[in-house]
Amino acid sequence: MNSKNDRGWLRAAIGFTAVISLAACGGGSASTPVAEEALSAAAVAGKALFSDVTLSASGRQSCATCHVAARAFTADPATDHGLPVPLGGVDMEQTGFRNAPSLAYASFTPPFSIASGPTGGFFRDGRASSLAAQAQQPFLTSFEMANHDAAEVVGRLRKSTASLQKFILAFGDAAQGDAETALQDIGLAIAAYETEDPDFHPFSSKFDYWQQGVAQLSAQEQQGLALFNDPTKGNCTACHPSQRQGYSSHALFTDFTFDNIGVPRNWAIPANGRESTSAVDGVPSAADAAPLSAPLPAAVPAGTEYAYYDLGLCGPFAPAAFDVNARPVFAATTSLCGLFKVPTLRNIAITAPYFHNGVFSTLRQVIEWYVTRDINNNTANNPNPVAAGPGGNPYQAVGTFYIAANGTPDLYEYNDLPAAYDANVNIGEVPYTPPTFGGGQAPTLASDEIDDVVTFLCTLTDGYDPANPTAYNLPAQCRDAAAGAAADTRGFTP
């Protein structure tokens, strides 16, 4: 592949390779390393580029920094000083704005479409048209790899001998000649790697082997699955289908749609507090005191409670100018404000924190919030607020998950959204339903049932070996859920 004319062929080949290689991933070993010989030249180059920190302005960041293989290709808060958003920039002290999404199973994502409600696209707001377009953008983002332009990226690549050799093998000696084209090729290479290498989509969870009939779910795991699917209980399958949907021969546990569920504001994200000091060392710096790298969304109404909101499809991030197939800009389409793409639940037990803003650190917290969302004492926009204490939210001592920066109840529920857009919040599906009387309806899941659902979600973790099931390496929250359910009496106990 030595000419620009070959690049259209490569784009098609990436999609074709996805069909062939992923169809063969239904079984096999729980962890089978893939030799580079099994990958295309583009994917081999992509593998090198994915982990090459020298391509960043700091010399310390690569794709793999924020998408760690051992964590299903999502970020590790331990390397980001405990923040729910990654660090980056020229000094690795600039904070991002969103919790890094997992890249596992991302290659199944369909193109963005608005035809029957927003669906598909890449990033949490669907703004990139393809894996390749998504892969290019962090190289040029000021709070990520922080290169000024494509020429700077290519200049760094020329100094990275190992990556450059593999890049030339895939795209030819002349591939560096035009910087913009070379950056496109970098994106194509990384996309090929994410598509071809089964590490990104092994389908090796206990759930997968159970579906194949070579593993057994425990009674608690089966009960959790039943609750997950029950439209009157968890109803999780409404957005995270446990059956295959046509995107794959396996269930992907996402329908790739967008939803606004009124997630609480996360005060650990510096942008939410407009901090003017470094999140790393607490020392003010010119970069930290400067305006946000991301512009404020045009759709934020005047007089809102807080200065900054992440409104998903409405902004603050717009599609890249070079992404000619990207979705439209929705900054003025206020009915879409606050909608984010539904993520896969595969490997969810190891990809904490959760939601686009990383507001919850455990699956149990997530489900507790889901089933008590409108049982709160946020008086400004809850028509039937309930005071803290008996009869109030059983999981929050202050009576609500929606808290202000000081830890007291916020004035508003859905406080990560301007109140003017409250009508965009999904109130029509179980388990998040509107307050129909004081405190809303009773939680659809009891405490022991929450444990059951968490225990089922843990079966979606890749790496299960049916020949050695005791070696399944599950995180502590999975073991805690199993122990909690065993200790519970079968009733609602917070």
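Numbering of residues begins at 1 and proceeds along the displayed sequence. None of these values were measured; they are calculated from a predicted model.
In this structure, the separation between CG on Leu313 and OG1 on Thr334 is 12.5 Å, given to the nearest 0.5 Å. The CD1 atom of Ile348 lies 8.5 Å from the OG atom of Ser102; values are rounded to the nearest 0.5 Å. With values rounded to the nearest 0.5 angstrom, Gln136 atom CD is found 7.5 Å from Leu188 atom CG. Between the CZ atom in Phe123 and the OG atom in Ser129 there is a gap of 10.5 Å [rounded to 0.5 Å]. If you take CG on Asn147 and OG on Ser56, they are separated by 7.5 Å, rounding to the nearest 0.5 Å. In this structure, the separation between OG1 on Thr195 and CZ on Phe108 is 9.0 Å, given to the nearest 0.5 Å.
The residue from Asn376, Thr379, Asn377, Thr400 that alone fulfils the side-chain hydrogen bond (donor to acceptor under 3.5 Å, both in side chains) condition with Glu413 is Asn376.
Shown here for Gly399 and Asn393, the closest heavy-atom pair between the two residues is O-CB, 3.7 Å. The two atoms that bring Pro431 and Gly234 nearest to each other are CD-O, 3.2 Å, heavy atoms only. The heavy-atom pair separating Thr351 from Ala72 by the smallest distance is CG2-CB, 3.8 Å. Counting all heavy atoms, side chain and backbone alike, Ala104 lies closest to Phe73 at N-CB, 4.1 Å. Pairing each heavy atom of Gln61 with each of Gly89, the nearest pair is OE1-N, 4.3 Å. The two residues Ser40 and Glu196 make their nearest non-hydrogen contact at OG-OE2, 2.6 Å.
Looking at Val263 and Asp416, their side chains never come closer than 4.5 Å, going by heavy atoms from C-beta outward. Leu457 has its side chain within reach of Leu345: a pair of non-hydrogen atoms, C-beta onward, lies under 4.5 Å apart. Residues Gln245 and Phe256 form no side-chain contact, since every pair of their non-hydrogen atoms from C-beta on lies 4.5 Å or further apart. Side-chain contact check for Leu157 versus Leu55: some heavy-atom pair is nearer than 4.5 Å. Asn415 has its side chain within reach of Pro264: a pair of non-hydrogen atoms, C-beta onward, lies under 4.5 Å apart. In this structure, the side chains of Leu183 and Leu140 come closer than 4.5 Å at one or more pairs of heavy atoms. Within the 4.5 Å cutoff, side-chain heavy atoms of Ser107 are placed close to those of Leu131. In this structure, Asp80 and Pro77 have side chains that are not in contact, with every pair of non-hydrogen atoms separated by 4.5 Å or more.
Using modelled atom types, one side-chain atom of Thr237 and one backbone atom of Ser242 make a donor-acceptor pair closer than 3.5 Å. Judged purely by atom type and a 3.5 angstrom limit, His356 has no side-chain atom pairing as donor or acceptor with the backbone of Phe97. With Arg127 contributing its side chain and Gly312 its backbone, the two residues share no donor-acceptor pair below 3.5 Å. Side chain of Arg346 to main chain of Ala251: a donor-acceptor pair is present (N/O by atom type, distance under 3.5 Å, no hydrogens or angles). In this structure, the side chain of Asn381 does not engage the main chain of Tyr412 through any donor-acceptor pair within 3.5 Å. Under a 3.5 Å cut-off, the side chain of Thr141 and the backbone N or O of Phe143 do not form any donor-acceptor pair. No side-chain donor-acceptor contact under 3.5 Å links Arg364 to the backbone of Gln477. No donor-acceptor distance shorter than 3.5 angstrom exists from the side chain of Asn378 to the backbone of Ala380, with no hydrogens or angles considered. A donor-acceptor pair under 3.5 Å is formed between the side chain of Ser204 and the backbone N or O of Gly463. With hydrogens and angles ignored, the 3.5 Å screen pairs a side-chain donor or acceptor of His67 with a backbone N or O of Pro101.
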Quiz item: Hey, mind stepping through Leu252 and His201 against side chain to side chain contact (heavy atoms under 4.5 Å, CB included) and telling me if it holds?
Solution: CA-CA 10 Å; Leu252 295 176; His201 30 66; over 6 Å; no
Practice problem: Take Leu103 and Gln134 through the test side chain to side chain contact (heavy atoms under 4.5 Å, CB included) and record every step on the way to the result. | Solution: CA-CA 11 Å; Leu103 294 179; Gln134 179 188 45; 4.1 Å; yes
Quiz item: When you look at Thr65 and Thr79, which way does the side chain to side chain contact (heavy atoms under 4.5 Å, CB included) test go after all the steps?
Solution: CA-CA 9 Å; Thr65 305; Thr79 67; 5.5 Å; no
Practice problem: For the pair Leu417 and Val425, evaluate side chain to side chain contact (heavy atoms under 4.5 Å, CB included) and give the outcome as yes or no after the intermediate values. | Solution: CA-CA 9 Å; Leu417 183 74; Val425 177; 3.7 Å; yes
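Ring centers of Phe330 and Phe258: at least 6.0 Å apart, outside the cut-off. Tyr105 has its ring centre no less than 6.0 Å from the ring centre of Phe253. Ring centroid separation for the pair Trp369 and Tyr354 does not come in under the 6.0 Å cut-off.
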Indicate every side-chain donor-acceptor pair of residues 159-169 with a distance under 3.5 Å to a residue at least two apart or in another chain.
unit_1: Ser160; atom_1: OG; unit_2: Asp52; atom_2: OD2; d: 2.5
unit_1: Ser163; atom_1: OG; unit_2: Asp52; atom_2: OD2; d: 2.7

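Heavy atoms from other residues, nucleotides or ligands lying under 6.0 Å from CG of Asp76 number more than 12.
Legend: residues meeting disulfide (SG to SG under 2.5 Å) with Cys478, ordered by chain and number and at least two apart, are Cys458. Annotation: disulfide (SG to SG under 2.5 Å) contacts of Cys63 (sequence neighbours excluded): none. With sequence neighbours left out, Phe50 forms a ring-ring contact (aromatic ring centres under 6.0 Å, His included) with Tyr193, Phe200. For the disulfide (SG to SG under 2.5 Å) test, residues two or more places apart in sequence or in another chain that qualify with Cys337 are Cys314. Contacts of Tyr421 classified as ring-ring contact (aromatic ring centres under 6.0 Å, His included), with partners at least two apart in sequence or in another chain: none.
Side-chain contact annotation: Asn382 with Tyr402, donor-acceptor N/O pair under 3.5 Å absent. Of the N and O atoms on the side chains of Glu368 and Thr372, not one donor lies less than 3.5 Å from an acceptor on the other residue.
Using a cutoff of 4.0 Å between basic side-chain nitrogens and carboxylate oxygens, Arg98 and Asp125 are scored as salt-bridged.
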